[in-house]
Visitor: 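My questions will all concern the structure given below.
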Amino acid sequence: MNPLFNDSSITVAIVGCGGFIGCHLLDAILTRTQWRVFGVDLDFYRIQHRLSNERCEFMVADLADKSVVERIAKYPVVVNLAAICTPSRYMAEASEVIRSNYDHPASLAEACAKSGSWLIHFSTSEVYGRTSADSGLLVEDETELTFGPVSASRWSYATAKLLTERYIAGLKNLKWTVVRPFNFVGPYMDFMPGVDGSGIPRVLANFSSALVRGEPLKLVNGGTAKRSFTSVFDAIEFLFALFETGKMGRVSAALGAATEVSKLPFSQAFNVGNPDNEITIAELAHKMRKIFAEIKGVSLESIPEPEKISGVEYYGKGYDDSMRRLPSVEKAERLLGFKAQTPIDVVLRESLTWFVMHYGFPNH
Ligand code: UDP
């Protein structure tokens with residue numbers, strides 16, 4: 001085993017430990033390393049089986065509590081995954097979305113700057129904003145970031161996330177890395193409306209819910225927007241590449257040569273995505289219907305046809321969209337040697353199979 005992974009003196013603080021990405025990160029740390037985890041969240045249902053693990057300490061809290069923020073920042077590596085990140089809430093609860101995605105992470109960043117912790121902050125690919133259908137590769141340090149008018153409250157989330165990135169980058173003495181996820185999908189993503197959550201989850205969970213209920217998939221504005229879907233397991237590989245390259249934040253003090261400094265993952269924002277998995281939402285609907293028919297052992301014709309719906313009708317006033325989100329992944333490959341590997345069909349089959357096993361078929 002890599003000696004870094006064997007080092008039982010390392011504790012990683014994971015904020016949002018019970019969430020979709022957090023639960024997979026926790027599993028990976030506990031199975032692949034000897035590290036300890038300090039996990040903070042409001043909800044632990046995804047990680048019930050880990051609650052009594054002797055290498056873990058968990059706390060029910062959020063970043064609104066300053067004393068919790070101070071406590072988290074005592075650990076040398078802090079991964080912040082906590083956020084309101086459900087698009088349907090960006091319109092209805094814009095102020096709350098901004099507090100969650102700017103005020104809280106900003107105070108965590110200040111505390112980490114004081115304590116000297118390495119903050120790995122999860123931002124979003126949505127910081128690239130209102131991209132058009134002919135947008136090309138989105139490059140971390142080059143692409144213009146463009147948002148719609150204030151009346152298009154869809155951009156409340158992206159604007160807050162971007163402000164947090166700028167704040168983090170401007171804080172003196174903060175050792176930071178920003179991660180911009182491109183539509184991570186996999187087991188435990190979001191929720192099933194009416195079962196363990198309410199409102200509209202992101203597209204994969206929403207399509208999965210409709211399929212198991214025998215309802216038509218809804219194609220917002222015709223389903224012409226494109227996304228590059230990325231396996232959450234690839235995202236965890238990215239984090240491990242980051243941990244290794246940053247040697248859990250310890251290497252910087254010992255560094256000499258400037259050439260080595262340029263290879264470090266600090267003071268960098270990284271796209272984490274899979275450009276090979278780019279598809280339109282209409283294509284996603286087709287693939288998911290096909291895979292679902294196979295899992296259920298029925299014909300494709302027996303699965304309802306998708307229906308088109310306008311974005312405002314579906315999500316409410318203020319909805320707007322990014323038409324294409326294609327990540328440049330050159331930087332992560334160059335600095336960390338990381339490249340996402342899992343093809344779209346594998347990601348979708350794995351996610352949908354998990355969904356069906358987890359929630360069953362409510363109509364049966
Ligand atoms: N979408 C859709 N039907 C749904 C849910 C989402 O057509 O039931 C579309 C949505 O309008 C967007 C894309 O799918 O174009 C991805 O939406 P998601 O909510 O997953 O998150 P986003 O990538 O926009 O942050």
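Just so it is clear, the model here is predicted, and its values are computed rather than measured. Order of listing sets the numbers, starting from 1, for every ligand and every atom in it. Each residue takes its place number in the sequence, starting with 1.
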Visitor: Looking at Ala225, which atoms of ligand 1 are within less than 4.0 Å of one of its heavy atoms?
Guide: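 It comes down to these atoms of ligand 1: 15 (O).
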Visitor: Below 6.0 angstrom between ring centroids: does that apply to Phe238 and Phe270?
Guide: yes
Visitor: Under 6.0 Å between the ring centres of Trp155 and Tyr90?
Guide: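 Between Trp155 and Tyr90, the centre distance exceeds or equals 6.0 Å.
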Visitor: Please state which protein non-hydrogen atom is closest to atom 5 (C) of ligand 1 and give its distance, to 0.1 Å?
Guide: Tyr315 OH, 3.3 Å
Visitor: State whether the side chain of Thr342 and the backbone N or O of Ser231 hold a donor-acceptor pair below 3.5 Å, judged by distance alone.
Guide: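 Pair absent, no side-chain N/O of Thr342 close to backbone of Ser231.
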Visitor: Among Met323, Arg227, Met189, Glu126, which one puts a heavy atom closest to atom 24 (O) of ligand 1?
Guide: Arg227
Visitor: Where is the tightest heavy-atom contact between Glu126 and Phe147, given as atom of each residue plus distance?
Guide: O-CE2, 3.8 Å
Visitor: Between the side chains of Asn2 and Glu244, is a donor N or O closer than 3.5 angstrom to an acceptor N or O?
Guide: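 A donor-acceptor contact under 3.5 Å links the two side chains.
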Visitor: Below a 4.0 angstrom heavy-atom separation, can you tell me which part of Leu217, side chain or backbone, both or neither, approaches ligand 1?
Guide: neither
Visitor: Under a 4.0 angstrom heavy-atom cut-off, which atoms of ligand 1 come close to Arg154?
Guide: 22 (P), 24 (O), 25 (O)
Visitor: What is the closest protein heavy atom to atom 19 (O) of ligand 1, and at what distance does it sit?
Guide: Pro87 CG, 3.3 Å
Visitor: Of the backbone atoms (N, CA, C, O) and the side-chain heavy atoms from C-beta on, which set of Arg324 has a member under 4.0 Å from an atom of ligand 1: side chain, backbone, both, or neither?
Guide: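 The answer is neither; Arg324 stays 4.0 Å or more away.
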Visitor: Does an N or O from Ile200, backbone or side chain, lie closer than 3.5 Å to an N or O of ligand 1?
Guide: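 No, Ile200 has no N/O under 3.5 Å of an N/O on ligand 1.
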Visitor: Is any side-chain N of the basic residue among Asp321 and Arg227 closer than 4.0 Å to the acidic one's carboxylate O?
Guide: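 Arg227 and Asp321: salt-bridged.
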Visitor: Looking only at distances, please establish whether an N/O atom of ligand 1 is found under 3.5 Å from an N/O atom of Ser322.
Guide: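 It does not: no N or O of Ser322 is found under 3.5 Å from an N or O of ligand 1.
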Visitor: How far is atom 3 (N) of ligand 1 from its nearest protein heavy atom, and which residue and atom is that?
Guide: Lys218 O, 2.7 Å
Visitor: Suppose we measure from atom 7 (O) of ligand 1 to each protein heavy atom; which comes out shortest, and what is that distance?
Guide: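 Closest protein heavy atom to atom 7 (O) of ligand 1: Val220 N, 2.8 Å.
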Visitor: Centroid separation under 6.0 Å, is that true for the rings of Phe5 and Trp35?
Guide: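 Yes, they do, as the ring centres are separated by less than 6.0 Å.
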Visitor: Can you confirm whether the side chains of Tyr319 and Arg154 place a donor and an acceptor under 3.5 Å from each other?
Guide: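 The answer is yes; a qualifying pair exists.
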Visitor: Consider side-chain contact (heavy atoms from CB on, under 4.5 Å). Of Leu348, Val212, Leu217, which one does Phe292 pass it with?
Guide: Val212
Visitor: Using distance alone, determine whether Leu204 and ligand 1 share an N or O pair under 3.5 Å.
Guide: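 Such a contact does not occur with ligand 1.
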Visitor: Would you say the side-chain atoms of Glu278 pair up with the backbone N or O of Pro275, donor to acceptor, closer than 3.5 Å?
Guide: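 Flag not set: sc Glu278 to bb Pro275 has no pair under 3.5 Å.
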Visitor: Check each atom of ligand 1 against the heavy atoms of Asn183 and keep those under 4.0 Å away; list them by number with element.
Guide: 23 (O)
Visitor: Going by the closest heavy atom to atom 18 (P) of ligand 1, which one wins out of Ile309, Asn206, Val203, Asp321?
Guide: Val203
Visitor: Within a distance under 4.0 Å of any heavy atom of Leu219, pick out the atoms of ligand 1 and give their elements.
Guide: 7 (O)
Visitor: Any idea which of Phe207, Phe229, Tyr319, Tyr157 brings a heavy atom closest to atom 10 (C) of ligand 1?
Guide: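 Shortest heavy-atom distance from atom 10 (C) of ligand 1: Tyr319.
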